[in-house]
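We use all heavy atoms of the structure for the numbers below, so side chains are in, but hydrogens, waters and symmetry mates are not. Just so we're on the same page: letters track the sequence lines, and every chain starts at 1.
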Amino acid sequence: MADAVIVVALLLVAASATAAVAQREPARQALVLSVLGVVLAVLFTVLQAPDVGLSQLAVGSALTPLLIMLSVRKVRRQARAKDRAR
Amino acid sequence: MSQRLRLWLLAVGGAGVAALLVAACLDLPAFGGRRHPYGERAVAASLARHTANTIASLNFDQRAYDTLGEISILFAAVLGCLVLLREARDEHRAQPQPAEVALPVRRYALIALPVALLTGLYVIAHGQLSPGGGFQGGVVAATALHLLYLGADYRALERVRPLGVFDVCDALAVSAYAVLGLAGLLAGTAFLANTLLPYGTFNTLSSGGTVPLLNAAVGMEVASAVVLLLAGFLDQAVEIEEERGS
Amino acid sequence: MNGWLLAATVELGGAGAAALWGTATGPLPRRVMAQNLATSAVCPALLLLAQGYGRPSYVDLALLMALLGPVGTLVFARLLADELLDDRPRAWTLTWAAAGLSAAVVVAVCVATGPSRAMVKLLLIGALLIGGNVIASRALAGGFRGVRGA
(Lines give C-alpha, C1' and ligand atoms only; values in the text may rest on other atoms or scores of the structure.)
Protein backbone atom coordinates (compact mmCIF):
# COMPACT_ATOMS: atom_id res chain seq x y z
CA MET A 1 0.00 0.00 0.00
CA ALA A 2 2.92 2.36 0.70
CA ASP A 3 3.96 1.87 -2.93
CA ALA A 4 0.75 3.49 -4.19
CA VAL A 5 2.40 6.92 -4.38
CA ILE A 6 5.29 5.43 -6.39
CA VAL A 7 2.83 3.86 -8.83
CA VAL A 8 0.96 7.18 -9.24
CA ALA A 9 4.22 9.07 -9.84
CA LEU A 10 5.40 6.48 -12.36
CA LEU A 11 2.09 6.64 -14.25
CA LEU A 12 2.22 10.45 -14.34
CA VAL A 13 5.79 10.38 -15.70
CA ALA A 14 4.89 7.83 -18.36
CA ALA A 15 1.79 9.78 -19.39
CA SER A 16 3.51 13.17 -19.56
CA ALA A 17 6.55 11.79 -21.41
CA THR A 18 4.26 10.20 -23.99
CA ALA A 19 2.26 13.44 -24.27
CA ALA A 20 5.48 15.46 -24.75
CA VAL A 21 6.53 13.23 -27.63
CA ALA A 22 3.06 13.30 -29.18
CA GLN A 23 2.98 17.11 -29.51
CA ARG A 24 4.07 18.46 -32.89
CA GLU A 25 4.46 22.14 -32.11
CA PRO A 26 7.63 23.18 -30.18
CA ALA A 27 5.92 25.72 -27.87
CA ARG A 28 3.30 23.17 -26.81
CA GLN A 29 6.02 20.57 -26.45
CA ALA A 30 7.89 22.91 -24.09
CA LEU A 31 4.73 23.31 -21.98
CA VAL A 32 4.30 19.55 -21.56
CA LEU A 33 8.05 19.18 -21.02
CA SER A 34 7.93 21.55 -18.05
CA VAL A 35 5.13 19.48 -16.48
CA LEU A 36 7.18 16.35 -17.18
CA GLY A 37 10.08 17.94 -15.30
CA VAL A 38 7.86 18.56 -12.29
CA VAL A 39 6.43 15.03 -12.12
CA LEU A 40 9.91 13.56 -12.63
CA ALA A 41 11.04 15.53 -9.57
CA VAL A 42 8.13 13.96 -7.63
CA LEU A 43 9.11 10.49 -8.84
CA PHE A 44 12.70 11.02 -7.66
CA THR A 45 11.36 12.23 -4.30
CA VAL A 46 9.16 9.21 -3.72
CA LEU A 47 12.09 6.97 -4.70
CA GLN A 48 14.06 8.74 -1.91
CA ALA A 49 16.48 10.55 -4.25
CA PRO A 50 15.86 14.20 -3.30
CA ASP A 51 19.26 15.33 -4.65
CA VAL A 52 18.37 14.21 -8.16
CA GLY A 53 14.87 15.63 -7.70
CA LEU A 54 16.33 19.03 -6.83
CA SER A 55 18.54 18.97 -9.94
CA GLN A 56 15.54 18.07 -12.05
CA LEU A 57 13.44 20.86 -10.52
CA ALA A 58 16.20 23.46 -10.91
CA VAL A 59 16.80 22.62 -14.56
CA GLY A 60 13.36 21.50 -15.69
CA SER A 61 11.00 24.09 -14.27
CA ALA A 62 12.46 27.36 -15.60
CA LEU A 63 15.78 26.87 -17.42
CA THR A 64 14.79 24.32 -20.07
CA PRO A 65 11.53 26.12 -21.01
CA LEU A 66 13.47 29.40 -21.29
CA LEU A 67 16.10 27.87 -23.61
CA ILE A 68 13.48 26.19 -25.80
CA MET A 69 11.22 29.23 -26.02
CA LEU A 70 14.15 31.52 -26.87
CA SER A 71 15.15 29.17 -29.69
CA VAL A 72 11.55 29.11 -30.95
CA ARG A 73 11.44 32.91 -30.89
CA LYS A 74 14.72 33.16 -32.84
CA VAL A 75 13.49 30.76 -35.52
CA ARG A 76 10.15 32.57 -35.85
CA ARG A 77 11.84 35.98 -36.03
CA GLN A 78 14.12 34.72 -38.77
CA ALA A 79 11.13 33.40 -40.72
CA ARG A 80 9.33 36.76 -40.31
CA ALA A 81 12.40 38.70 -41.51
CA LYS A 82 12.70 36.45 -44.58
CA ASP A 83 9.01 37.03 -45.37
CA ARG A 84 9.52 40.78 -45.20
CA ALA A 85 12.64 40.69 -47.39
CA ARG A 86 10.77 38.79 -50.08
CA MET B 1 22.82 1.43 -47.86
CA SER B 2 19.30 0.43 -48.80
CA GLN B 3 16.30 1.12 -46.60
CA ARG B 4 15.84 -2.61 -46.00
CA LEU B 5 19.39 -3.17 -44.87
CA ARG B 6 19.21 -0.21 -42.53
CA LEU B 7 16.04 -1.54 -40.91
CA TRP B 8 17.68 -4.94 -40.45
CA LEU B 9 20.69 -3.32 -38.85
CA LEU B 10 18.42 -1.38 -36.51
CA ALA B 11 16.50 -4.53 -35.62
CA VAL B 12 19.68 -6.47 -34.81
CA GLY B 13 21.05 -3.61 -32.71
CA GLY B 14 17.72 -3.16 -30.91
CA ALA B 15 17.44 -6.88 -30.19
CA GLY B 16 20.97 -6.87 -28.74
CA VAL B 17 20.23 -3.92 -26.47
CA ALA B 18 16.93 -5.51 -25.38
CA ALA B 19 18.64 -8.81 -24.55
CA LEU B 20 21.34 -7.06 -22.50
CA LEU B 21 18.72 -4.96 -20.68
CA VAL B 22 16.64 -8.01 -19.77
CA ALA B 23 19.76 -9.85 -18.59
CA ALA B 24 20.76 -6.85 -16.45
CA CYS B 25 17.24 -6.46 -15.01
CA LEU B 26 17.14 -10.13 -13.94
CA ASP B 27 20.25 -9.50 -11.80
CA LEU B 28 18.96 -6.33 -10.10
CA PRO B 29 18.28 -6.35 -6.34
CA ALA B 30 14.57 -6.48 -5.46
CA PHE B 31 12.62 -3.18 -5.75
CA GLY B 32 12.68 -1.06 -2.60
CA GLY B 33 15.06 -3.36 -0.74
CA ARG B 34 16.59 -1.91 2.40
CA ARG B 35 20.03 -3.50 2.07
CA HIS B 36 22.54 -2.70 -0.64
CA PRO B 37 26.25 -3.62 -0.48
CA TYR B 38 27.46 -0.41 -2.13
CA GLY B 39 25.07 1.84 -0.22
CA GLU B 40 26.13 0.50 3.16
CA ARG B 41 29.82 1.11 2.45
CA ALA B 42 29.14 4.60 1.08
CA VAL B 43 27.11 5.60 4.15
CA ALA B 44 29.80 4.28 6.50
CA ALA B 45 32.50 6.22 4.64
CA SER B 46 30.46 9.45 4.61
CA LEU B 47 29.70 9.18 8.34
CA ALA B 48 33.41 8.61 9.03
CA ARG B 49 34.12 11.93 7.30
CA HIS B 50 31.32 13.74 9.19
CA THR B 51 29.29 14.46 6.03
CA ALA B 52 25.57 14.30 6.78
CA ASN B 53 24.49 14.11 3.13
CA THR B 54 25.87 10.86 1.76
CA ILE B 55 25.20 11.95 -1.82
CA ALA B 56 27.42 15.02 -1.32
CA SER B 57 30.09 12.80 0.18
CA LEU B 58 29.88 10.53 -2.88
CA ASN B 59 29.98 13.39 -5.38
CA PHE B 60 32.64 15.55 -3.79
CA ASP B 61 34.72 13.14 -1.74
CA GLN B 62 34.50 9.44 -2.52
CA ARG B 63 34.10 9.99 -6.27
CA ALA B 64 35.22 13.61 -6.57
CA TYR B 65 37.21 12.72 -9.67
CA ASP B 66 33.93 11.96 -11.51
CA THR B 67 32.64 15.41 -10.62
CA LEU B 68 35.81 16.99 -12.03
CA GLY B 69 34.97 15.24 -15.30
CA GLU B 70 31.37 16.44 -15.12
CA ILE B 71 32.21 20.10 -14.58
CA SER B 72 34.79 19.92 -17.37
CA ILE B 73 32.07 18.58 -19.67
CA LEU B 74 29.75 21.44 -18.66
CA PHE B 75 32.57 23.95 -19.21
CA ALA B 76 33.39 22.56 -22.65
CA ALA B 77 29.73 22.32 -23.67
CA VAL B 78 29.00 25.93 -22.72
CA LEU B 79 32.20 27.05 -24.48
CA GLY B 80 31.06 25.26 -27.64
CA CYS B 81 27.58 26.82 -27.42
CA LEU B 82 29.04 30.30 -27.02
CA VAL B 83 31.25 29.81 -30.10
CA LEU B 84 28.23 28.70 -32.12
CA LEU B 85 25.99 31.51 -30.84
CA ARG B 86 28.50 34.36 -31.26
CA GLU B 87 27.65 37.32 -33.45
CA ALA B 88 28.68 36.32 -36.98
CA ARG B 89 30.03 38.68 -39.64
CA ASP B 90 26.73 38.86 -41.54
CA GLU B 91 24.72 39.74 -38.42
CA HIS B 92 24.20 42.96 -36.53
CA ARG B 93 22.73 43.92 -33.20
CA ALA B 94 19.36 45.64 -33.09
CA GLN B 95 18.25 47.54 -30.01
CA PRO B 96 15.22 45.69 -28.59
CA GLN B 97 12.19 47.79 -27.71
CA PRO B 98 11.54 47.91 -23.97
CA ALA B 99 8.68 45.68 -22.88
CA GLU B 100 5.57 46.90 -21.14
CA VAL B 101 5.14 44.73 -18.06
CA ALA B 102 2.11 44.92 -15.76
CA LEU B 103 2.99 46.44 -12.39
CA PRO B 104 2.18 43.40 -10.16
CA VAL B 105 4.35 41.16 -12.36
CA ARG B 106 7.23 43.64 -12.24
CA ARG B 107 6.96 43.91 -8.46
CA TYR B 108 6.83 40.14 -8.06
CA ALA B 109 9.98 39.75 -10.18
CA LEU B 110 11.83 42.36 -8.14
CA ILE B 111 10.81 40.71 -4.83
CA ALA B 112 11.43 37.14 -5.97
CA LEU B 113 14.87 37.93 -7.42
CA PRO B 114 16.73 38.40 -4.11
CA VAL B 115 14.77 35.55 -2.49
CA ALA B 116 15.75 33.18 -5.30
CA LEU B 117 19.37 34.36 -5.23
CA LEU B 118 19.50 33.75 -1.49
CA THR B 119 17.87 30.33 -1.90
CA GLY B 120 20.52 29.41 -4.47
CA LEU B 121 23.31 30.37 -2.07
CA TYR B 122 21.54 28.48 0.75
CA VAL B 123 21.32 25.33 -1.37
CA ILE B 124 25.03 25.58 -2.27
CA ALA B 125 26.11 26.23 1.33
CA HIS B 126 24.01 23.37 2.79
CA GLY B 127 25.10 20.83 0.16
CA GLN B 128 26.94 18.71 2.71
CA LEU B 129 23.95 18.69 5.12
CA SER B 130 20.73 18.43 3.13
CA PRO B 131 19.71 17.59 -0.44
CA GLY B 132 21.22 20.04 -2.88
CA GLY B 133 24.67 21.28 -3.62
CA GLY B 134 26.69 23.28 -6.10
CA PHE B 135 24.87 22.28 -9.26
CA GLN B 136 21.32 22.80 -8.01
CA GLY B 137 22.10 26.02 -6.15
CA GLY B 138 24.10 27.41 -9.05
CA VAL B 139 21.25 26.87 -11.48
CA VAL B 140 18.77 28.53 -9.09
CA ALA B 141 21.03 31.55 -8.55
CA ALA B 142 21.58 31.97 -12.29
CA THR B 143 17.87 31.61 -13.02
CA ALA B 144 17.15 34.25 -10.38
CA LEU B 145 19.11 36.87 -12.35
CA HIS B 146 16.94 36.28 -15.40
CA LEU B 147 13.86 37.39 -13.47
CA LEU B 148 15.11 40.83 -14.53
CA TYR B 149 14.55 39.90 -18.17
CA LEU B 150 11.13 38.45 -17.39
CA GLY B 151 9.98 41.21 -15.06
CA ALA B 152 11.59 44.23 -16.70
CA ASP B 153 13.40 44.05 -20.02
CA TYR B 154 16.58 42.78 -21.56
CA ARG B 155 18.51 46.00 -21.10
CA ALA B 156 17.93 45.90 -17.33
CA LEU B 157 19.46 42.42 -17.26
CA GLU B 158 22.41 43.49 -19.40
CA ARG B 159 23.21 46.23 -16.92
CA VAL B 160 23.69 43.84 -13.98
CA ARG B 161 25.39 41.13 -16.00
CA PRO B 162 28.99 41.96 -16.93
CA LEU B 163 29.70 38.96 -19.17
CA GLY B 164 33.47 39.38 -18.91
CA VAL B 165 33.31 38.85 -15.15
CA PHE B 166 31.21 35.70 -15.58
CA ASP B 167 33.68 34.41 -18.19
CA VAL B 168 36.52 34.78 -15.72
CA CYS B 169 34.47 33.31 -12.84
CA ASP B 170 33.59 30.26 -14.93
CA ALA B 171 37.22 29.49 -15.75
CA LEU B 172 38.40 30.34 -12.23
CA ALA B 173 35.86 28.00 -10.62
CA VAL B 174 36.90 25.04 -12.77
CA SER B 175 40.55 25.75 -11.95
CA ALA B 176 39.69 26.11 -8.26
CA TYR B 177 38.29 22.57 -8.28
CA ALA B 178 41.45 21.21 -9.88
CA VAL B 179 43.67 23.26 -7.54
CA LEU B 180 41.82 21.87 -4.50
CA GLY B 181 42.58 18.43 -5.89
CA LEU B 182 46.24 19.28 -6.35
CA ALA B 183 46.34 20.63 -2.80
CA GLY B 184 45.46 17.13 -1.63
CA LEU B 185 48.43 15.85 -3.63
CA LEU B 186 50.77 18.44 -2.10
CA ALA B 187 49.55 17.57 1.39
CA GLY B 188 51.04 14.16 0.79
CA THR B 189 48.01 11.96 0.08
CA ALA B 190 46.21 11.69 -3.28
CA PHE B 191 44.53 13.89 -5.89
CA LEU B 192 41.20 15.20 -4.51
CA ALA B 193 41.60 13.18 -1.32
CA ASN B 194 39.57 14.66 1.54
CA THR B 195 42.46 14.83 4.02
CA LEU B 196 43.25 18.53 3.75
CA LEU B 197 40.90 20.01 6.33
CA PRO B 198 39.57 18.83 9.69
CA TYR B 199 36.22 17.05 9.33
CA GLY B 200 34.48 19.37 11.81
CA THR B 201 31.40 18.67 13.92
CA PHE B 202 28.83 16.37 12.31
CA ASN B 203 25.77 18.16 10.86
CA THR B 204 27.17 21.70 11.01
CA LEU B 205 27.96 24.05 8.12
CA SER B 206 31.71 23.60 8.51
CA SER B 207 31.66 19.78 8.49
CA GLY B 208 32.82 17.48 5.75
CA GLY B 209 36.39 18.67 5.14
CA THR B 210 36.83 19.85 1.55
CA VAL B 211 33.25 18.96 0.53
CA PRO B 212 31.83 22.49 1.15
CA LEU B 213 34.75 24.08 -0.73
CA LEU B 214 34.34 21.82 -3.76
CA ASN B 215 30.60 22.49 -3.58
CA ALA B 216 31.24 26.23 -3.67
CA ALA B 217 33.56 25.87 -6.68
CA VAL B 218 30.95 23.84 -8.56
CA GLY B 219 28.23 26.32 -7.60
CA MET B 220 30.25 29.23 -8.97
CA GLU B 221 31.07 27.32 -12.15
CA VAL B 222 27.47 26.26 -12.81
CA ALA B 223 26.02 29.70 -12.06
CA SER B 224 28.49 31.44 -14.39
CA ALA B 225 28.06 28.80 -17.09
CA VAL B 226 24.25 29.08 -17.02
CA VAL B 227 24.37 32.89 -17.12
CA LEU B 228 26.75 32.77 -20.11
CA LEU B 229 24.69 30.13 -21.90
CA LEU B 230 21.46 32.08 -21.43
CA ALA B 231 23.25 35.26 -22.52
CA GLY B 232 24.15 33.56 -25.80
CA PHE B 233 20.57 32.40 -26.32
CA LEU B 234 19.07 35.76 -25.29
CA ASP B 235 21.42 37.71 -27.57
CA GLN B 236 20.42 35.53 -30.50
CA ALA B 237 16.71 35.64 -29.71
CA VAL B 238 16.41 39.29 -28.80
CA GLU B 239 19.23 41.37 -30.28
CA ILE B 240 21.15 39.75 -33.12
CA GLU B 241 19.59 40.00 -36.57
CA GLU B 242 20.83 38.73 -39.90
CA GLU B 243 21.74 41.35 -42.48
CA ARG B 244 19.08 41.81 -45.11
CA GLY B 245 19.65 40.03 -48.38
CA SER B 246 22.26 37.63 -47.09
CA MET C 1 1.17 4.17 4.78
CA ASN C 2 0.28 7.22 6.86
CA GLY C 3 -2.32 9.91 6.22
CA TRP C 4 0.19 12.41 4.81
CA LEU C 5 1.33 10.00 2.11
CA LEU C 6 -2.28 9.14 1.33
CA ALA C 7 -3.11 12.83 0.95
CA ALA C 8 -0.08 13.32 -1.31
CA THR C 9 -1.12 10.34 -3.44
CA VAL C 10 -4.66 11.67 -3.80
CA GLU C 11 -3.39 15.14 -4.66
CA LEU C 12 -0.95 13.82 -7.29
CA GLY C 13 -3.48 11.44 -8.79
CA GLY C 14 -6.21 14.09 -8.88
CA ALA C 15 -4.82 17.59 -9.32
CA GLY C 16 -1.54 16.47 -10.92
CA ALA C 17 -3.28 14.32 -13.50
CA ALA C 18 -5.83 17.07 -14.21
CA ALA C 19 -3.03 19.61 -14.79
CA LEU C 20 -1.25 17.18 -17.10
CA TRP C 21 -4.45 16.59 -19.09
CA GLY C 22 -5.01 20.33 -19.38
CA THR C 23 -1.45 20.92 -20.58
CA ALA C 24 -1.46 18.16 -23.17
CA THR C 25 -4.80 18.90 -24.84
CA GLY C 26 -6.96 21.78 -25.99
CA PRO C 27 -6.22 25.33 -27.20
CA LEU C 28 -2.98 27.10 -26.30
CA PRO C 29 -4.39 29.49 -23.61
CA ARG C 30 -5.82 26.57 -21.67
CA ARG C 31 -2.53 24.69 -21.91
CA VAL C 32 -0.52 27.62 -20.54
CA MET C 33 -2.94 28.08 -17.65
CA ALA C 34 -2.83 24.34 -16.85
CA GLN C 35 0.98 24.49 -16.85
CA ASN C 36 0.73 27.30 -14.29
CA LEU C 37 -1.67 25.32 -12.10
CA ALA C 38 0.59 22.25 -12.27
CA THR C 39 2.96 24.08 -9.91
CA SER C 40 0.28 24.64 -7.31
CA ALA C 41 -0.98 21.09 -7.78
CA VAL C 42 2.36 19.38 -7.20
CA CYS C 43 4.14 21.69 -4.74
CA PRO C 44 1.72 20.95 -1.82
CA ALA C 45 2.15 17.25 -2.61
CA LEU C 46 5.92 17.67 -2.10
CA LEU C 47 5.24 19.27 1.30
CA LEU C 48 2.93 16.39 2.24
CA LEU C 49 5.56 13.86 1.12
CA ALA C 50 8.25 15.55 3.24
CA GLN C 51 5.90 15.35 6.24
CA GLY C 52 4.85 11.79 5.43
CA TYR C 53 8.40 10.48 5.18
CA GLY C 54 9.34 12.43 8.33
CA ARG C 55 12.25 14.10 6.54
CA PRO C 56 12.26 17.89 7.06
CA SER C 57 15.10 18.34 4.55
CA TYR C 58 12.82 17.24 1.69
CA VAL C 59 11.02 20.56 2.20
CA ASP C 60 13.78 22.17 0.10
CA LEU C 61 12.21 20.61 -2.98
CA ALA C 62 8.95 22.39 -2.28
CA LEU C 63 10.86 25.64 -1.68
CA LEU C 64 12.59 25.43 -5.05
CA MET C 65 9.36 24.50 -6.78
CA ALA C 66 7.43 27.39 -5.19
CA LEU C 67 10.18 29.75 -6.40
CA LEU C 68 10.89 28.41 -9.87
CA GLY C 69 7.45 27.15 -10.94
CA PRO C 70 5.98 30.67 -11.34
CA VAL C 71 9.23 31.77 -13.05
CA GLY C 72 8.68 29.03 -15.63
CA THR C 73 5.13 30.26 -16.21
CA LEU C 74 6.43 33.85 -16.59
CA VAL C 75 8.76 32.53 -19.33
CA PHE C 76 5.79 31.22 -21.26
CA ALA C 77 3.67 34.31 -20.54
CA ARG C 78 6.42 36.55 -21.87
CA LEU C 79 7.59 34.58 -24.89
CA LEU C 80 4.10 33.51 -25.99
CA ALA C 81 2.62 37.00 -25.43
CA ASP C 82 1.99 37.43 -29.17
CA GLU C 83 0.05 34.18 -29.46
CA LEU C 84 -1.98 34.88 -26.31
CA LEU C 85 -2.82 38.46 -27.32
CA ASP C 86 -6.24 37.72 -28.83
CA ASP C 87 -7.40 34.98 -26.51
CA ARG C 88 -6.07 35.64 -23.03
CA PRO C 89 -6.06 32.70 -20.63
CA ARG C 90 -8.19 33.44 -17.60
CA ALA C 91 -9.06 30.99 -14.86
CA TRP C 92 -9.46 33.00 -11.69
CA THR C 93 -11.79 30.50 -9.98
CA LEU C 94 -9.29 27.70 -10.52
CA THR C 95 -6.38 29.94 -9.53
CA TRP C 96 -7.96 30.87 -6.22
CA ALA C 97 -9.06 27.26 -5.64
CA ALA C 98 -5.44 26.17 -6.11
CA ALA C 99 -4.32 28.95 -3.77
CA GLY C 100 -6.84 27.74 -1.16
CA LEU C 101 -5.58 24.16 -1.51
CA SER C 102 -1.97 25.31 -1.08
CA ALA C 103 -2.93 27.38 1.98
CA ALA C 104 -4.80 24.44 3.55
CA VAL C 105 -1.82 22.09 3.05
CA VAL C 106 0.68 24.66 4.40
CA VAL C 107 -1.48 25.28 7.49
CA ALA C 108 -1.88 21.53 8.12
CA VAL C 109 1.86 20.89 7.82
CA CYS C 110 2.59 23.96 10.00
CA VAL C 111 0.28 22.66 12.74
CA ALA C 112 2.04 19.29 12.61
CA THR C 113 5.48 20.95 12.80
CA GLY C 114 4.75 23.33 15.67
CA PRO C 115 6.31 26.76 16.15
CA SER C 116 9.96 26.61 15.15
CA ARG C 117 12.35 27.72 12.41
CA ALA C 118 11.01 24.95 10.20
CA MET C 119 7.57 26.54 10.46
CA VAL C 120 8.93 29.90 9.27
CA LYS C 121 10.33 28.12 6.21
CA LEU C 122 6.98 26.46 5.57
CA LEU C 123 5.18 29.81 5.81
CA LEU C 124 7.71 31.31 3.38
CA ILE C 125 7.04 28.47 0.95
CA GLY C 126 3.30 29.04 1.29
CA ALA C 127 3.64 32.78 0.64
CA LEU C 128 5.90 32.22 -2.38
CA LEU C 129 3.64 29.52 -3.79
CA ILE C 130 0.35 31.41 -3.46
CA GLY C 131 1.83 34.79 -4.46
CA GLY C 132 3.69 33.30 -7.41
CA ASN C 133 0.64 31.39 -8.59
CA VAL C 134 -1.65 34.44 -8.48
CA ILE C 135 0.97 36.68 -10.15
CA ALA C 136 1.62 34.10 -12.87
CA SER C 137 -2.13 33.95 -13.58
CA ARG C 138 -2.16 37.74 -13.74
CA ALA C 139 0.81 37.69 -16.13
CA LEU C 140 -0.98 35.22 -18.40
CA ALA C 141 -4.15 37.35 -18.41
CA GLY C 142 -2.32 40.24 -20.06
CA GLY C 143 0.76 40.96 -17.96
CA PHE C 144 2.95 41.63 -20.98
CA ARG C 145 2.06 44.10 -23.70
CA GLY C 146 4.02 45.45 -26.62
CA VAL C 147 6.89 42.99 -26.38
CA ARG C 148 6.93 42.37 -30.11
CA GLY C 149 10.50 43.58 -30.46
CA ALA C 150 11.97 42.19 -27.27
Heavy-atom proximity to chain C below 4.5 Å, by part of [X]:
{"X": "A/V32", "answer": "both"}
{"X": "A/A22", "answer": "neither"}
{"X": "A/Q29", "answer": "neither"}
{"X": "A/L70", "answer": "both"}
{"X": "A/V72", "answer": "neither"}

Original post:
Is there a donor-acceptor contact under 3.5 Å linking the side chains of C/R90 and C/T95?
Top reply: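 There is no such pair between these side chains.
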Subject >> Distance-only donor-acceptor check, side chains C/N36 and C/S137, under 3.5 Å >> reply: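 The criterion, which ignores hydrogens and geometry beyond distance, is satisfied for C/S137 and C/N36.
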Subject >> Choice from A/G37, A/A15, A/A9, A/P50 maximising heavy atom contacts with chain C below 4.5 Å >> reply: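 The candidate making the most pairs under 4.5 Å is A/P50.
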**OP:** Report the option among A/L36, A/V39, A/T45 that has the most heavy-atom pairs separated by less than 4.5 Å from atoms of chain C.
**Re:**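 Of A/L36, A/V39, A/T45, A/T45 has the most heavy-atom pairs under 4.5 Å with chain C.
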Subject >> Neighbour count above 12 (heavy atom, 6.0 Å) for C/W21 CH2 >> reply: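 No.
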Relative to chain A, which segment of [X] carries a heavy atom at a distance below 4.5 Å: side chain, backbone, both, or neither?
{"X": "C/L49", "result": "side chain"}
{"X": "C/V32", "result": "both"}
{"X": "C/L12", "result": "both"}

**OP:** I would like to know whether A/R76 and C/E83 meet salt bridge (Lys or Arg N to Asp or Glu O under 4.0 Å); could you show each step before the answer?
**Re:** CA-CA 12 Å; A/R76 285 196 183 151; C/E83 278 88 341; 2.3 Å; yes
**OP:** Using atom types as modelled and distance alone, determine if a side-chain donor or acceptor of C/Q35 lies under 3.5 Å from a backbone N or O of A/V35.
**Re:**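 Not a single qualifying donor-acceptor pair exists.
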Subject >> Atom pair CG/CG of C/L68 and C/L63 - distance to nearest 0.5 Å >> reply: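 Going from CG on C/L68 over to CG on C/L63, the span is 9.0 Å.
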Subject >> Atom of C/P89, atom of C/P29 and distance for their closest heavy-atom approach >> reply: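 Nearest heavy atoms, C/P89 then C/P29: CB-O, 3.3 Å.
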